[in-house]
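Below is one structure, written out as structure tokens; comments come after it.
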2 protein chains.
Amino acid sequence: MSEPQPLILVVDDELPIRRFLRATLQDDYRTVEAGTGAEALSLARQYNPDAVLLDLGLPDLDGLEVVSKLRTWTAAPIVVVSARGREADKIAALDGGADDYLTKPFGAGELLARLRVALRHAARLPDAQEVFEFGDIRIDLLFRNVTRAGEPVHLTPHEYKLLVTLVQHAGKVVTHNLLLKQVWGPGASGQTHYLRVYMAQLRAKLEVDSARPRFLITEPGVGYRLRT
Amino acid sequence: MSEPQPLILVVDDELPIRRFLRATLQDDYRTVEAGTGAEALSLARQYNPDAVLLDLGLPDLDGLEVVSKLRTWTAAPIVVVSARGREADKIAALDGGADDYLTKPFGAGELLARLRVALRHAARLPDAQEVFEFGDIRIDLLFRNVTRAGEPVHLTPHEYKLLVTLVQHAGKVVTHNLLLKQVWGPGASGQTHYLRVYMAQLRAKLEVDSARPRFLITEPGVGYRLRT
DNA sequence: CCCGATCCTGACGCCTTCTTGAGGACTTGA
DNA sequence: TCAAGTCCTCAAGAAGGCGTCAGGATCGGG
């Protein structure tokens, strides 16, 4: 059985360019096309593409916003295509979560090669798990849902990010600095007090006895760990 | 335990460019430099860098050959930097195993951003399992877990660092000064009493008979050794 | 503009960990 | 046998990390 062709979400508001991209990709990939940022986000949810080809110049949303919105729930590679060639634009996009940045005009061959690189990277990743369960806790990364014994648990943004970071390293010790960087961004290094406060809140919401946690384990002097 | 700066192998035969790259990288990374392909391969083996920055125009080997040779044994990201901007060159390099391709001239900011992308990808790859076992003791460096006969053993930060240092030189004698430097940092030189106290604690937690240690061996006047 | 949710910050007590010291055992060589 | 150096053990006080709580600042939606 041959593998199905990867699915690429193509996002561009100009029809001629979409046509060019479609023609370029059609031999090796299946494509889905969106003309606006909102449409892109909706189709991405719907089709869960293997990669996204994204033009930054969209009529409704800023391209960077699309990138960061996508990044909240998917690790699929995003290749940005843009007429803007300024270095600051490239840096913003790449640091914002894009995996590559191509400046128009570019050759079809280079686009395909860079797309192959992106898909190569994605293929090496372990399948991104979307649902985690431990005890009576259930975490759905796709829908940003957390339930305990079936009951929905409301988490604030920081609490949720903290939990996700722990979940993504399930079983391993996650150092204070890594947690701080993931949740509060770089520059929060050393503010371990944040972690104490938010871990306490997470425990209050998820643990039976927050004084004797079963899952959210403290590793003194090092960090925290999610026991599976 | 703070995370060390990533190590970048910089390969370019022109000294001024190497200097430029070094200056660009020096705030965020440690660098190793090579001027030829052969040197690059040898240094890569020796240092196992987190990423490689490679100029294709080398005096001895073809740049593509360096890429494919590296790819036979390492998955570290390779960012190609080249004066050749022809599309065919880019395609060949990217399909040959490079992860990105920058055409000179390029901005320092873009280089750094693309390097961050490359390292971000590498960080998501599954880590190599690092487990050491001797007797009924099992040490998992990745999970920071220590078990004895299957039962988890709780170690304080200093105890754990001390054990890790010994494990990393398993079988060999580790001098007092090296242990002190690794665990207590520079400036603790001469405080061998620390070692006595902490070795005693380790033995109490890991050995059957701490008076007759099977693994944590004293080398009088020199240091300690982990017998395997 | 107001209100609620969320985030930051500080204070406090508890507990673990680290440091330091003292005493005794062992080894080695004179 | 003695002396000197090195090592082990035990314990107590100091230091620092952690959990908890609550007040006030800040943010965002209505």
Side-chain angles (χ1 to χ4, degrees), chain A residues 65 144 146 152-166 173-185 187-225, chain B residues 1-2 144 146 152-166 173-177 179-185 187-225:
Chain A
E65 210 171 325
R144 201 196 175 282
V146 178
V153 177
H154 173 69
L155 297 182
T156 72
H158 278 49
E159 289 166 4
Y160 181 73
K161 276 195 224 170
L162 182 57
L163 181 61
V164 167
T165 306
L166 288 169
V173 178
V174 190
T175 62
H176 293 140
N177 272 336
L178 184 57
L179 287 170
L180 286 166
K181 204 168 65 179
Q182 293 290 316
V183 179
W184 280 267
S189 169
Q191 306 291 315
T192 55
H193 191 52
Y194 292 175
L195 293 177
R196 291 199 263 291
V197 173
Y198 279 83
M199 284 300 297
Q201 290 171 1
L202 270 184
R203 282 175 178 150
K205 292 181 178 180
L206 299 178
E207 295 278 1
V208 176
D209 178 2
S210 57
R212 244 176 308 280
R214 294 174 301 163
F215 308 118
L216 301 165
I217 310 297
T218 302
E219 297 285 345
V222 186
Y224 294 86
R225 184 166 57 89
Chain B
M1 201 164 81
S2 77
R144 200 193 179 278
V146 178
V153 177
H154 174 69
L155 298 182
T156 72
H158 279 51
E159 290 166 2
Y160 182 75
K161 278 194 219 170
L162 182 57
L163 180 61
V164 167
T165 307
L166 288 169
V173 180
V174 190
T175 62
H176 292 142
N177 272 336
L179 286 170
L180 286 166
K181 202 170 68 179
Q182 294 289 316
V183 179
W184 280 267
S189 168
Q191 307 289 315
T192 54
H193 190 51
Y194 289 173
L195 293 178
R196 299 203 187 92
V197 173
Y198 278 84
M199 285 300 297
Q201 289 171 1
L202 270 185
R203 282 172 177 152
K205 292 181 178 181
L206 299 179
E207 295 278 2
V208 177
D209 178 3
S210 56
R212 245 175 308 280
R214 294 173 302 163
F215 308 118
L216 301 165
I217 311 298
T218 303
E219 298 285 346
V222 186
Y224 294 87
R225 182 168 58 91

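FYI, side chains are in, hydrogens and waters are out, and symmetry mates aren't considered; it's all heavy atoms of this structure. A, B, ... follow the sequence lines: proteins, then strands. Residue 1 opens every chain. As the structure is a computational prediction, the values presented were derived from the model and not from experiment.
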So which atom in A:T218 and which in A:Y224 form the shortest heavy-atom distance, rounded to 0.1 Å? OG1-CE2, 3.4 Å
Of B:R203 and A:P220, whose nearest nucleotide on DNA chain D comes first from the 5' end? B:R203
Can you see if the side chain of A:T156 gets near the phosphate of C:dA5 - specifically, an N or O under 4.0 Å from OP1 or OP2? no
What is the nucleic acid contact for A:Y224, judged by heavy atoms within less than 4.0 Å: base, sugar-phosphate only, or nothing? sugar-phosphate
Starting at CD of A:E159 and ending at P of C:dT6, how long is that distance when rounded to a whole Å? 8 Å
Using the ring of each side chain (for Trp, its six-membered ring), is A:Y198 parallel, tilted or perpendicular to A:H158, with breaks at 30° and 60°? tilted
Are more than 12 heavy atoms from other residues, nucleotides or ligands located less than 6.0 Å from atom NZ of A:K205? yes
How close or far is atom C1' of D:dC7 from atom NE2 of B:H176, stated in whole angstroms? 9 Å
Whole-Å distance separating the CG atom of A:L216 from the C1' atom of D:dT20: 16 Å
Starting from P on D:dC7, measure out to CG on B:L179 and report it in whole angstrom. 12 Å
Looking only at the side chain of A:V197 (C-beta and beyond, no hydrogens), which of the listed nucleotides D:dG19, C:dT19, C:dG10 gets closest? C:dG10
Out of D:dT6, D:dC18, C:dT6, whichever nucleotide has its closest atom nearest the side chain of A:T218: D:dC18
Send over the distance from B:L195 CG to C:dT19 C1', rounded to a whole Å. 14 Å
Please check the phosphate of C:dT6 (OP1 and OP2 only) for any side-chain N or O of A:Y198 closer than 4.0 Å. no
To the nearest angstrom, the CD-C1' distance between A:Q191 and C:dT9 comes to 10 Å
Are B:R144 and A:T175 linked by a side-chain donor-acceptor pair shorter than 3.5 Å? no
Quick note, A:W184 side chain, CB onward, closest among D:dG19, C:dC8, C:dC18 is C:dC8
Closest of C:dG21, C:dC18, C:dG10 to the B:H193 side chain is C:dG21
Contact between A:K161 and A:Q182 at the side-chain level, heavy atoms closer than 4.5 Å - yes or no? no
A:H154 has its side chain closest, among D:dG19, C:dT20, C:dT6, to C:dT6
Look at A:R196 and D:dG17 and indicate whether a side-chain polar atom (N or O) is within less than 4.0 Å of OP1 or OP2. no
Rounding to an integer number of Å, can you tell me how far B:M199 CE sits from D:dC8 P? 8 Å
Expressed as a whole number of angstroms, how long is the span from A:N177:CG to D:dG17:C1'? 15 Å
